[in-house]
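Note sheet for the following structure.
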Amino acid sequence: MPRHEKTTECATGIGSKVAKKQKVKAGKSNIWNPDVCYNINIVPEEQKTKKKSKQKSKTKPSSSSRKEATNVVVSTLQLPPPPSCSVEVLRMISSNHLRKQLTKLRKSHRNPEDAADSSMKHAVMAVERWFMRYFLQNPVTTDEYDADPVIPCPSDDMEIDPGFVKDLEAAGDTEEAAGTVVKTFYKLSKTAALAISKKRKAMSECNKKSLENVVVVHHRHSCDVMLSTNKKNLLKINPVHYEKLKVMYTRQLQRKQLVLLSNEKEVAAYTTFDVSEFHRRLFCVLARYHSIQGHGFQAACTEHVFDVLHTHFGVNLECFASPLNSRYARYCSAFPDTDACFGSLGSFFNFYPTAGSFQANPPFEPALMLAMVQHMERLFSNNADNNDGPLSFIVVVPGWKECEAFQLLQSSAYLQTAVPIAQSDHGFCDGASHQRRDRYQISPYDTFFFFLQNDKAVHKWPIKDGAISELKVAMAHGVPSPSMQARHDKAGRGTSDIARGVYKGKKSRATGDGVMKRKREELLLKKKKRQKVMSGIKIKTGS
């Protein structure tokens, strides 16, 4: 039984036409646009009331103040303390261990008849989906030092997540076995989360973060990022992404930190660039996103799409992104402790803009998508109550007709238009493009662009046919070229959620053994063909 009730839009063939001309050289793609930045006013919480009263007393505000008022976020621009690299390594190891334990638990609870069959269908993305649903219901705040942002710590009396059970059932487990596996897995997850919490406390007490030395080895097409004391857990990043994060980190350090003093003077504080500190931050963000895995959930629209959205609709911020896949300098992300130093404003669910134009491409998890739509509806309602400025959200979601979020978007009072794009006519940027050669992947489903706008946004950013046509062409640029797709299929990348991918498990080693094995097989095949040709020539010569 299929997981989703998918829409079936008619393909136009534009995707294959653009893909045949697609040529993206390694390290040459324009992965981000630093010139597009969401402007915010940094206002300390204690001065919020005072500033509002002074604004009311002014009868005619200046044009500059009116412009700034459209993008106001009450917050402070203070970078959180750097996470511990050793803790991130433990978190990365623990998350990988949990996934392996889930497989072992499923094997131990299989029926005797099924156990005779050595093959077992993988529960693709089951752990990652549960992680998202858990933290959606149990968000971690900066004040909760004991709570882990990646590994859930369910209580003993927590009810079993029905979505987790359904994912295991879809992989072939019985309902009873899936329930037992999930209960045991909860205990393992709690043990891992408590161990990480203990490690964090120990690192904070002994203050060994400054002693953590991160080594970065630059190669032609990649950079190796590792701890000097633990080179086994090596992380990869492309040179172009390395330079991107370096610029983002430098700009964040140099950004003015506006502090409203008692005499209402603004003070700009700057900090110097420290390469060692940058490498520690880089290691932490790579380890964090390696821990959550689920690269399909990290897929993003192509750079061509963002350029069209910025040009025609004034979009300058992504509601769901990361330092690795963001197009703009400002964005919302799931982990402010690791991402804030690279321009993140924190979680979208803690983001309350009064006006502006935003793009939202959430992870394709129904519960998360539903929470996103409900948060947007509240923002529109607050905007109408306060008579604020133009507010626009361009939402990118798959064509899942049974999904409640999809249905709410279709019936939203703020919906201006919905643009469907057929599955074969578009693609996305790979969620792991920061460590892979090929940047694009084909979309597994039809994709819908929902344009949610209030009346002021309709007048400021009108939706024209020419802009929609450009948007469809831009989405077609995400279709991988035939050579890209051939490498994708041969490597076995992808899952049931990623089109045309066949899960073959992890590679035995990350040193290119699979590539060398394939080359040896190809050479052996060529040798056999040559021998057949030579034997045919000998037969003809002999006769």
Please list, chain by chain and in numerical order, all residues satisfying side chain to side chain donor-acceptor pair (under 3.5 Å) with Glu88, sequence neighbours excluded.
Arg91, Arg288
Any idea which heavy atoms bring [X] and [Y] closest together, and the distance?
| X | Y | answer |
| --- | --- | --- |
| Asp446 | Thr7 | OD2-O, 2.7 Å |
| Ala123 | Arg106 | N-NH1, 3.4 Å |
| His375 | Tyr352 | CE1-CE2, 3.6 Å |
| Tyr440 | Gly478 | CB-O, 3.1 Å |

Considering only heavy atoms from C-beta outward, does the side chain of [X] approach that of [Y] to under 4.5 Å?
| X | Y | result |
| --- | --- | --- |
| Val127 | Leu98 | no |
| Pro152 | Phe131 | yes |
| Leu317 | Phe351 | yes |
| Ile151 | Ser189 | yes |
| Gln435 | Ser222 | no |
| Phe164 | Pro162 | no |
| Gln416 | Phe450 | no |
| Phe358 | Phe348 | no |

Using salt bridge (charged side-chain N to carboxylate O under 4.0 Å, His left out) as the criterion, list what pairs up with [X], not counting sequence neighbours.
| X | value |
| --- | --- |
| Glu470 | none |
| Lys472 | none |
| Lys401 | Glu5 |

For the residue pair [X] and [Y], is the inter-centroid distance of their aromatic rings smaller than 6.0 Å?
| X | Y | answer |
| --- | --- | --- |
| Tyr331 | Phe320 | no |
| Tyr328 | Trp32 | no |
| Phe380 | Phe393 | yes |
| Trp130 | Tyr186 | yes |

Distance-only polar pair, side chains of Thr302 and His477, donor-acceptor under 3.5 Å:
no
Ignoring hydrogens and angles, state whether a donor on the side chain of Ser347 or Asn350 is under 3.5 Å from an acceptor on the partner side chain.
no
Taking CD in Glu176 as the centre, count heavy atoms belonging to other residues, nucleotides or ligands within less than 6.0 Å. Is the count above 12?
no
Does atom CD of Glu175 have more than 12 heavy-atom neighbours from other groups under 6.0 Å away?
no
Do the side chains of [X] and [Y] get close enough for a salt bridge, i.e. N-O under 4.0 angstrom?
| X | Y | answer |
| --- | --- | --- |
| Lys183 | Glu159 | no |
| Arg99 | Glu128 | yes |
| Arg327 | Glu303 | no |

Residue list, side-chain contact (heavy atoms from CB on, under 4.5 Å) with Ala178, at least two apart or on another chain
Val165, Leu168, Glu169, Asp173
Determine, step by step, whether Phe135 and Val150 satisfy the side chain to side chain contact (heavy atoms under 4.5 Å, CB included) criterion, reporting the C-alpha distance in whole Å, the side-chain angles of both residues, the deciding distance to 0.1 Å, and the verdict.
CA-CA 8 Å; Phe135 288 109; Val150 174; 5.5 Å; no
Have a look at Tyr445 and tell me which of Trp400, Phe428, Phe406 forms a ring pair (Phe, Tyr, Trp, His ring centres under 6.0 Å) with it.
Trp400
Can you give me every donor-acceptor pair (side chain of residues 339-346, partner residue at least two apart or in another chain, under 3.5 Å) with its distance?
unit_1 : atom_1 : unit_2 : atom_2 : d
Asp339 : OD2    : Tyr289 : OH     : 2.5
Asp339 : OD2    : Ser333 : OG     : 2.8
Ser344 : OG     : Ser333 : OG     : 2.6
Ser344 : OG     : Gly346 : N      : 3.0

Picking from Thr417, Leu379, Val395, Val373, what satisfies side-chain contact (heavy atoms from CB on, under 4.5 Å) with Leu452?
Val395
Using salt bridge (Lys or Arg N to Asp or Glu O under 4.0 Å), reason through Arg129 and Asp161 one step at a time and then give a plain yes or no.
CA-CA 10 Å; Arg129 289 193 185 94; Asp161 181 17; over 6 Å; no
Would Leu282 and Ile237 count as a side chain to side chain contact (heavy atoms under 4.5 Å, CB included) if you check the C-alpha gap in whole Å, the side-chain angles of each, and the deciding distance to 0.1 Å?
CA-CA 10 Å; Leu282 173 66; Ile237 187 172; 4.0 Å; yes
